[in-house]
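Worksheet: one structure, shown below.
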Amino acid sequence: MFPLKYERILSDGLDEDNCNGLIDELPLGILSFDTRGNVTAVNRFLLEFMGSPSAASTKQINMLNFPPLVASGISASIREAISTGKITEIETYYHSKWGKEAFVRFKTIPRTDKEGHVIGCHAVIEDATIIKQTRSELEQKKRQENIYSHISSNFINTSFKDIDTKIDQTLEEIAKFTGAERASIFLATDDPDLVIKTHEWHAEGIRSQIGVNQKFQMQKQLNKFNELESIYVPDTQQLTDEDITVKETLIELGIQSVLLVPISYKGKFSGFIGLDCQTQKKEWDESTLYLLKLIGEMIINVLERKNTESLLVKKEEDYEHVVNAIDTIIWKADVDENEKLINTYISPAVDKMLGLPRGTIGNDWDKYFSCIHLEDIQKVLDALKLSLHNPENNVNLDYRLVKDNGDIVWVNSSTIAHLQQDGTVKIFGTVINITWRKHAEAELIRSEKKYRSLVEQSADAIFINRLDGRILDVNDKACQMLGYTKEQFQNMSVVDLQIPEEREPGNKVLDIFKVTKSIHGETKYLTANGNVINVEINAALLEGYHDVAQAVVRDITERKQAEEKLSRKEKKYRSLFEHSNDAIIIHDLEGNIIDVNTRTCDMLGYSIEEFKKITFIDLLPSDQLGIILETQKKIKHEGTFRMEIELIKADGHKMVADVSGSVVDVRPCTIQSIIRDISDRKQLEESLLHAKVIAEAASHTKSEFLANMSHELRTPLNAIIGFSDAMLEGYFGELSTKHNHYIQNISNSGKHLLNLINEILDISKVEAGKMELFLTLIKLEGLIAEMVATMQPLTTKKKITVNIWNDNDTNIILMADEAKVKQIIYNLLGNAIKFTPNGGEINIRTNLVGSMVRISVIDNGIGISSDDQKKLFTPFTQLDNSVSKQYEGTGLGLALVKELVELHGGRVWVESEPGKGSNFTFELPAGDRA
């Protein structure tokens, strides 16, 4: 407010000398004018406040008819002061002719002569913007407190049968207070993914797609609510793709803006209170969120009270149950003629809040009062007195309680006194624990200090200097960067910091800065120890000053070095580009050629100028244009591509090229394609492919020949074996020992040769595609037992133990050719017996793996090296080492096993180490389980 002593001076009369004296003392605008409105004097503060260039310019304004003064109501206030001789005052918005706008308080003080006639006026002008803003904030806070107090009072004095009606009225009040078109309450259900709408108020014309008592699924949002976090969407359309589910839900419900605040009961999510708008976008601030949280907590507590009360029948005992179920302290008392509280009642929640055993406080007001913090006792007494002297008005107060262990509990107390019909007074109140809110406020203050500290400790040097360059102040970073003390800086100019050859241009920059009021550039500074650093400078006139600038100086020495390094890399790249053995084309995504190297010109026959007039697509035959479209898609998604394609040379001839490309890092829409002529390689590949076809045809002819020779090869061997065996059995008489020995050799050699021919013929049949499978369902357990029995003479001879293991509880069924499976097992088991030492062990293990049956033949024989394992399944190949040479074999057994297994659609492999035995495993298709 304007001090009275200055008001008296102005009333008594103010000449120009008085006005000049006050300018140095008052942060106020002061001017004088006569009864015709002509300005006679004005102080400097008002000139600056209104943006006036001079007092002469201001004196050209007439205070009674200048349009902005008339529009703002100031002229009318002046006329009233002149006509009545009384001081007038007005608060209004004013926009000066020099572009300044402010909310001002304009006080007119008439000047009178000795006869009391008004001969002119003085005016005092204050900037009331902050006052208005503060007043508005206080009014808003008071409105929030009033509506909260009103709602709280309504709930306290409402019977439980009217709770739902009061909640609906509360939602209407909140919606209208906050500008929402709808307010709702949703409560949690037994299903963790569902909520149910229990109460709603909406404006006329607003349609609700979710009815009252209707359940609604909000799985994703409930995850957030369980953390007691609010959901605020000022504009549904601005939601990102990460919130697509929420966005689609809100659009489906026709909601443009929404604020959902979770409400909890005893620390557990119980539901939420929501505001939304369908026809407009609406923004709500933190105060609205806080108000909703308080109202929501109040409603959830009231609903809990209602639910508890509904189980009882309006008895005092039932009321106690309801009160005990909430964390809010509720108290009431009668007031005697001495304004002392008597007949007090305090809900048991007080003991829980203070961490005391139930019943400690009871209804003893003095005990409760003794728990109030000593520094807050007088505030509480004053609040009680204020409530008693202002019945029906809610009094709100934050104060502290001290727990038995010394901990502080911040509470918010809401008190209201009611005058009874008999003239007595009853007082009611609630006490809510707001410790969390106070901690949050304290944390906010700490965060603000931390933020300010970070700003003050800028990583850049900051200079405050005059427009002539003289340094006024610097931050610590400037001292660290350049090595001078703050005192040294204050005796220097910013030009003094530059290297000598930059100082003359630096003075010219200062002259430019005086005109432009801002500057950006780079220069070199000389540090106190003589080092030269590159700096980037951003300077601007400091707001509120006409001759003071602020400059932010950043050390960019490392960046400059990096740029130089990048330049060297560019030159190196250019050298590689020009001397590459491959053609390189730089082009954009549409194929427009930007640059090519010399090798490209040599390879395709175009000059560099010709390349820049065509596109990459012009180099392609028409039937390969589709490949380019696919390549463009790939490069956009993956950033690289590689393809083989034909290119058309300048002379019209085609060449086959291997083209690989990638996006250039520094130019995202630019592609570097490397082209290699592979025409000779493609011709070589075609030659090799032709040779392969001929070789495969010859092999196929060989296999067909051997398969067709089956009868011719087997017939003479059968005769040799048959007649030899007949002679050995004595059909043609007794043989001498010598004859018996030779004929036995003939029989054994014939059988060995027949076995070899059979294996060759079987492999040939498979390769020729003439081997047929006769698939049946086979019980694997019986088949393996039969094969082990067949091989028993061999195992008995070498004293080898054979174990059969079934990893499945049930018998396994194969879908296969039984004869072929026996031949596979016979060959594998025979090999295992051959290479297992006397007294060794062989394990046959079966297992069902998905849709395949896995059979393993495992021995503890000599084992096989990793190099020899690569030769195992190749026909006519035996292991070429001294150990395996001891054993007979043609090298066809395992090759035949591989062919027969793969003919069934299975696979075979080996696992082995020298000296540790071998594990031959194969898989065949399974049938139904037995």
Side-chain angles (χ1 to χ4, degrees), residues 142 144-160 162-163 166 294 298 301-302 305 309 314-354 356 358-402 409-434:
K142 185 175 181 181
Q144 287 191 356
E145 291 177 351
N146 288 342
I147 192 171
Y148 176 74
S149 299
H150 172 66
I151 292 171
S152 174
S153 177
N154 279 348
F155 281 132
I156 291 174
N157 299 312
T158 299
S159 63
F160 285 96
D162 297 327
I163 286 295
K166 289 297 182 183
L294 291 178
M298 184 188 300
N301 284 328
V302 170
R305 289 165 50 200
E309 179 68 13
K314 297 182 181 179
K315 296 180 180 179
E316 186 64 23
E317 180 181 354
D318 302 335
Y319 173 76
E320 284 293 331
H321 280 288
V322 175
V323 172
N324 292 344
I326 62 175
D327 295 327
T328 302
I329 300 172
I330 299 175
W331 63 272
K332 62 180 180 178
D334 296 329
V335 183
D336 64 12
E337 62 274 8
N338 297 321
E339 295 187 351
K340 184 177 180 181
L341 303 186
I342 59 175
N343 302 324
T344 58
Y345 165 80
I346 307 173
S347 67
V350 65
D351 297 316
K352 181 178 179 181
M353 187 176 292
L354 290 170
L356 299 171
R358 185 179 177 86
T360 301
I361 299 297
N363 293 322
D364 192 328
W365 181 255
D366 291 336
K367 285 185 178 180
Y368 175 77
F369 216 79
S370 67
C371 296
I372 299 175
H373 196 285
L374 291 176
E375 295 178 2
D376 295 343
I377 289 177
Q378 190 59 48
K379 290 196 301 183
V380 175
L381 291 172
D382 292 343
L384 287 172
K385 187 174 182 180
L386 180 63
S387 180
L388 292 174
H389 292 175
N390 297 274
E392 313 305 327
N393 288 313
N394 197 283
V395 176
N396 206 275
L397 176 68
D398 291 350
Y399 63 92
R400 291 166 289 179
L401 296 176
V402 182
V409 179
W410 275 97
V411 296
N412 172 261
S413 173
S414 180
T415 307
I416 188 169
H418 290 295
L419 188 63
Q420 308 299 303
Q421 291 183 352
D422 60 0
T424 61
V425 176
K426 288 184 178 290
I427 189 167
F428 302 85
T430 60
V431 179
I432 301 173
N433 189 335
I434 59 167

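Just so you know, these numbers come straight off a predicted model, no measurement behind them. Side-chain atoms are counted along with the backbone in the values below, which use heavy atoms only and exclude waters and symmetry mates.
To the nearest 0.5 Å, atom CD1 of residue I372 and atom CG of residue L381 are 7.5 Å apart. Once rounded to the nearest 0.5 Å, the distance linking OG1 of T430 with CG of N394 reads 7.5 Å. Summarising the geometry, atom CG belonging to L356 is positioned 10.0 Å from atom NZ belonging to K367; distances are rounded to the nearest 0.5 Å.
Across all their heavy atoms, N393 and I416 have their closest contact at O-CG1, 3.9 Å. Counting all heavy atoms, side chain and backbone alike, I346 lies closest to I361 at CD1-CG2, 4.2 Å. The two residues M353 and I432 have their closest heavy-atom pair at CE-C, 4.3 Å. The two residues P348 and Y345 make their nearest non-hydrogen contact at CD-OH, 4.0 Å. Of all heavy-atom pairs spanning S387 and T415, the tightest one is OG-CG2, 3.6 Å. In terms of heavy atoms, A349 sits closest to I329 at C-CG1, 4.0 Å.
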Determine, stepwise, if the pair N390 / V395 fulfils side-chain contact (heavy atoms from CB on, under 4.5 Å). CA-CA 9 Å; N390 297 274; V395 176; 5.8 Å; no
Mind running side-chain contact (heavy atoms from CB on, under 4.5 Å) on L341 and F369 for me, showing each step along the way? CA-CA 12 Å; L341 303 186; F369 216 79; over 6 Å; no
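In this view, W331 and W365 satisfy the ring pair (Phe, Tyr, Trp, His ring centres under 6.0 Å) rule, not counting sequence neighbours. With sequence neighbours excluded, the residues that form a side chain to side chain contact (heavy atoms under 4.5 Å, CB included) with E375 are H373, R400.
L384 places a side-chain heavy atom less than 4.5 Å from the side chain of I427.
The closest donor-acceptor contact from the side chain of N412 to the backbone of N396 lies at 3.5 Å or more, if one exists at all. Using a distance-only test at 3.5 Å, with no hydrogens or angles considered, no donor-acceptor pair links the side chain of N338 to the main chain of K340.
Applying the salt bridge (Lys or Arg N to Asp or Glu O under 4.0 Å) definition to pairs two or more places apart or across chains, those involving residues 416-432 are D334-K426.
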